[in-house]
Amino acid sequence: MKATYRIGQIVPSSNVTMETEIPAMLRAREAIRPERFTFHSSRMRMKKVTAEELSAMDADSLRCARELADAEVDVMGYACLVAIMAQSLGYHRISRKNLEGVVAEEGKDIPVVSSAGALVEGLHEMGAKRVSLLMPYMKPLAAKVTDYIASEGFEVHDSLALEIADNLEVGARDPMALIEDVKRLDTKGVDVVVLSACVQMPSLAALSPVEQQLGLPVTSAAACTVRSMLKSMNLEPVTQGAGTILEEKFAPAA
């Protein structure tokens, strides 16, 4: 087994969170497992979270995949949930096929995950049927996210859109503000709370406190992405302080 793994991320140009939260979760894993990680990114241009900019950015993801293939990373993560979910229902499967296709054209065999697909997969693995979601998007895009989640077999009991259009403003939020934000979300009778259905809105520090506050499993798109990345590399999907989905008691052996 390799000692060091290269983590590649395809990142919106204004995203400042996935390159902090993904490494933080994997650094925490290094304290309990022997594998080590390095981190490498390629960026797609996007300032405002609008349908037009998201569509243009998504088209640019193929260039990013080619660049990361040059670095021979061990996994690639498409680090924008809403860019996928705003396209069409089930688009995370199309995106993955397209990205792995261009990687193959470069003569490489590298697994690709997306935060959108990872969230869907993670919720299924947690046995969720009924969920509540918190996200920073404007209401039209938030509706696309709830529709997408519902189309994947979940009942969206409630959702809260914070309506922040500027992506840098989203990334500048204090993650601990979510402890108060979640009080505005109806979580009664749900199986899982998605504290951040957005990989730009910081949430890592709040995952465990909100789990304790609610007495419910709590996750985020970023935490699900880490789980999917680790599984794609045939590594045990565990770390510390990132909610139920990455706890040792939840994770089967790789």
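Predicted model only: the values in this text are computed from it and were never measured. Count residues from 1 along the sequence.
- Formation of a donor-acceptor pair under 3.5 Å by the Gln240 side chain with backbone atoms of Ala28 is found in this model.
- The closest side-chain heavy-atom distance from Met201 to Asp181 is not below 4.5 Å.
- For the pair Glu21 and Pro202, the minimum side-chain heavy-atom distance is below 4.5 Å.
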Item to complete: Report the C-alpha distance between Met44 and Ile10 in whole Å, list the side-chain angles of each, state the deciding distance to 0.1 Å, and finish with yes or no for side-chain contact (heavy atoms from CB on, under 4.5 Å).
Response: CA-CA 7 Å; Met44 313 169 282; Ile10 299 170; 3.6 Å; yes
Item to complete: Assess whether side-chain contact (heavy atoms from CB on, under 4.5 Å) is satisfied between Met25 and Leu207, documenting all intermediate values.
Response: CA-CA 12 Å; Met25 283 184 264; Leu207 292 176; 5.7 Å; no
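- Annotation for Asp109: atom CG does not count as buried by contact number, only 12 or fewer foreign heavy atoms lying within 6.0 Å.
- Val226 has its side chain within reach of Ile22: a pair of non-hydrogen atoms, C-beta onward, lies under 4.5 Å apart.
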Discussion item. The test is salt bridge (charged side-chain N to carboxylate O under 4.0 Å, His left out); show your working for Glu35 and Arg29 and say whether it passes.
Written reply: CA-CA 8 Å; Glu35 297 85 15; Arg29 188 186 186 279; 2.7 Å; yes
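- Using a 4.5 Å heavy-atom cutoff, the side chains of Leu81 and Met135 are not in contact.
- By the side-chain hydrogen bond (donor to acceptor under 3.5 Å, both in side chains) test, Arg36 pairs with no residue at all, sequence neighbours left out.
- The side-chain hydrogen bond (donor to acceptor under 3.5 Å, both in side chains) check on Thr187 picks up nothing, with sequence neighbours excluded.
- Side chain of Glu106 to main chain of Leu68: no donor-acceptor pair is present (N/O by atom type, distance under 3.5 Å, no hydrogens or angles).
- Looking at Asp191, its side chain does come within 3.5 Å of a backbone N or O of Lys129 through a donor-acceptor pair.
- The CZ atom of Arg33 sits 10.5 Å away from the CG atom of Leu230 when rounded to the nearest 0.5 Å.
- Within the 4.5 Å cutoff, side-chain heavy atoms of Ile7 are placed close to those of Met233.
- Looking at Arg43, its side chain never comes within 3.5 Å of a backbone N or O of Ser14 through a donor-acceptor pair.
- Within the 3.5 Å criterion, the main-chain N or O of Cys224 finds no donor-acceptor partner in the side chain of Ser228.
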Discussion item. For Asn15 and Gln9: C-alpha separation, side-chain torsions, deciding distance, then whether side-chain contact (heavy atoms from CB on, under 4.5 Å) applies.
Written reply: CA-CA 11 Å; Asn15 187 298; Gln9 292 199 79; over 6 Å; no
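- A salt bridge links Glu152 to Arg93: at least one charged side-chain nitrogen sits closer than 4.0 Å to a carboxylate oxygen.
- Here ring-ring contact (aromatic ring centres under 6.0 Å, His included) pairs that include residues 138-179, with residues two or more places apart or in two chains, are His92-Tyr148, His124-Phe154.
- Here the side chain of Glu169 pairs no donor or acceptor atom with the backbone of Ile164 at under 3.5 angstrom.
- Of all non-hydrogen atoms in Ser151 and Leu89, the two that sit nearest each other are OG-CD2, 3.7 Å.
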Practice prompt. Take Glu125 and Arg227 through the side-chain contact (heavy atoms from CB on, under 4.5 Å) test and state the conclusion after the steps.
Written response: CA-CA 11 Å; Glu125 290 183 331; Arg227 179 178 174 83; 2.5 Å; yes
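- Side-chain atoms of Thr239 do not come within 3.5 Å of backbone N or O of Leu246 as any donor-acceptor pair.
- Two residues are said to be in side-chain contact when any heavy atoms from C-beta on lie closer than 4.5 Å; Cys64 and Met76 fail this criterion.
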